[in-house]
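What follows is a single structure, written as structure tokens, with notes after it.
These figures come from a predicted structure and were not determined experimentally.
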Amino acid sequence: MRPLPAGRPRTPRRRPERRPARHTAPRAAAALLALAPLLPLASACGGHGTAHYRVPARPVRDGEHALPYREVTDGQIAFAAIGLSSGLTTITGSHADLPSRLGGFARVRMLAENRYATFHKIDLDRQLLVTTRGAYPPDVNAMRVKRQPTDIELGSRDRLEFDLMYDIPKDARITALRLYSDPTDELGVPLQHDPGAELPLR
């Protein structure tokens, strides 16, 4: 055998150690699961898309039936009627009972929303109940017995719920509400002519 040439001694080459593969998929899935509850909050806070307030439903009151949601506007005030009671021969309040003079009371549950940028006052005595026997204003005594306001003041972008009470003939069939908001211009000056808005109740 021939001797090896002089020089550096040969050392065996080491193969690089293979590190175990990281399982990234489970970690990514866990991160997505952690973020999932925050995604609806992000979209809601952004105010984009079709986000809505989630208002719980409420049962109607005794003798009342829910109305389909219809909205009308007079100026920048939106009105909707959400419940109707009729044929009430007597109403009871906190301090008195009141019998109907004309035949029966009608009670309309209302929503009013102010879309003006300022406060807005609405005279509830102007809101007429339209029937087959004519149009009737709210009954003052019935409104008092039921502790309802005769006028309301709404803050900008505020919404208020209240009752309108009417005393109407027994044979009068209710058809609509004729609603007036006393609209103003952009400076808050009342307009000369209030056209009103008619809201069907049937």
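Between the E198 side chain and the L177 main chain, no donor and acceptor come within less than 3.5 Å of each other. Checking side-chain atoms of R147 against main-chain N and O of G93 turns up no donor-acceptor pair under 3.5 Å.
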After noting the C-alpha distance and the side-chain angles of S100 and D167, does the key distance pass the side chain to side chain donor-acceptor pair (under 3.5 Å) rule?
CA-CA 6 Å; S100 168; D167 191 4; 2.6 Å; yes
D171 vs R133, test: salt bridge (Lys or Arg N to Asp or Glu O under 4.0 Å). Steps then yes/no.
CA-CA 8 Å; D171 60 346; R133 293 284 302 274; 2.6 Å; yes
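Looking at I91 and R107, their side chains never come closer than 4.5 Å, going by heavy atoms from C-beta outward. A heavy-atom distance below 4.5 Å is found between the side chains of Q127 and I122. Taking 4.5 Å as the limit, every side-chain heavy atom of S85 sits out of range of all side-chain heavy atoms of R61. Using a 4.5 Å cut-off on side-chain heavy atoms (C-beta onward), Q148 and L124 make no contact.
Separating the CZ atom in F119 from the CG atom in N114 is a distance of 9.5 Å, to the nearest 0.5 Å.
Pairing each heavy atom of D123 with each of D182, the nearest pair is N-OD2, 3.7 Å. When all heavy atoms of P138 and L164 are compared, the pair lying nearest together is CG-CD2, 4.4 Å.
For P195, the side chain to side chain contact (heavy atoms under 4.5 Å, CB included) partners two or more places apart in sequence, or in a different chain, are D74, H193.
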